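If you're wondering where the values come from, they're calculated on a predicted model, not measured in any experiment.
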Amino acid sequence: MRSPNPLDEAILEVVRSVPAGRLLSYGDVAEIVVDLGSGCSARRVARTMADFGDEVPWWRVVQAAGTLAEPVAFQARRLLAAEGVAVDGRLVPLERLRWRPSPTELALIRERLRQ
DNA sequence: CTCTTGACGCCGG
DNA sequence: TCCGGCGCCAAGA
C-alpha cells in the first residue's frame with residue numbers, strides 16, 4: 001500500500017475536521033483543499049478515502065447527490081445512523097447537514113498541516 | 001507510452 | 001428520477 005503524500009494529508013485533515021452528524025461531498029472536500037492551496041478534485045478525494053479512509057471519519061463524506069458510495073454503503077449507513085443522521089435507503093440529507101469550515105476552522109486546519 | 005478503472009460530478013434526454 | 005456521455009485524474013496493467 002502506498003504511503004500518504006502531502007495532498008493525501010491535506011484531504012485527511014479536512015475530513016478529520018468534520019463534526020459528527022455533519023456531511024460533505026467528495027467535491028466539497030476537494031474545494032476546501034483547493035482553498036488550502038493544493039490542486040485537488042472529487043476523484044482525487046475518492047482515491048484518498050479508498051486508500052486511507054480508515055484513518056478518518058470517512059462516512060461523513062458522501063456523493064454530491066446525497067447518495068452513499070456503493071462499495072461502502074452498508075457500513076456508512078450504520079455509522080451515520082449511530083451519530084443521528086437520518087438515512088433513507090442510500091440517501092442522506094446532505095443539503096441539510098452540509099458542513100463548511102469557518103475561516104478560523106480553515107486557519108486551524110492550515111496550522112495542523114504545517115508540520 | 002496507451003488503455004482501463006474507479007468510495008466522483010455535471011448535463012441532457 | 002434514472003441513465004448515458006463526458007470530463008476528470010492518478011494508479012496499474
Measure the distance from CD on A:E31 to C1' on B:dC8 and round it to the nearest whole Å.
13 Å
In whole angstroms, how far is the C1' atom of C:dT1 from the CG atom of A:L91?
11 Å
Integer-rounded Å distance: C:dC3 P and A:Q63 CD:
13 Å
Tell me if a side-chain donor or acceptor on A:R98 pairs with a main-chain N or O of A:L23 at a distance below 3.5 Å.
no
Taking the P atom in each of C:dC6 and B:dA7, what is the distance between them to the nearest angstrom?
22 Å
In the structure I gave you, are the side-chain heavy atoms of A:F52 and A:I11 within less than 4.5 Å of one another anywhere?
no
So, A:D28 side chain and A:S25 main chain: donor-acceptor pair closer than 3.5 Å or not?
yes
Starting from C1' on C:dC2, measure out to CZ on A:R90 and report it in whole angstrom.
12 Å
Going by number, which of residues 43-62 of chain A have a non-hydrogen atom under 4.0 Å from DNA chain C?
A:R43, A:R44, A:R47
OP1 or OP2 of B:dG9 under 4.0 Å from side-chain N/O of A:S25:
yes
Rounding to an integer number of Å, can you tell me how far A:N5 CG sits from C:dA11 C1'?
12 Å
A:R60 (side chain) donor-acceptor with A:L24 (main chain) under 3.5 angstrom
no
For A:L7 and C:dC9, what is the distance between atoms CG and C1' respectively, to the nearest whole Å?
11 Å
Take atom OH of A:Y26 and atom C1' of C:dG7, then tell me their distance rounded to the nearest Å.
19 Å
A:D28 CG to B:dG9 C1': how many Å, rounded?
11 Å
Does A:E70 pair with A:R90 as a salt bridge, N-O distance under 4.0 Å?
yes
salt_bridge(A:R112, A:E105) N-O dist < 4.0 Å
yes
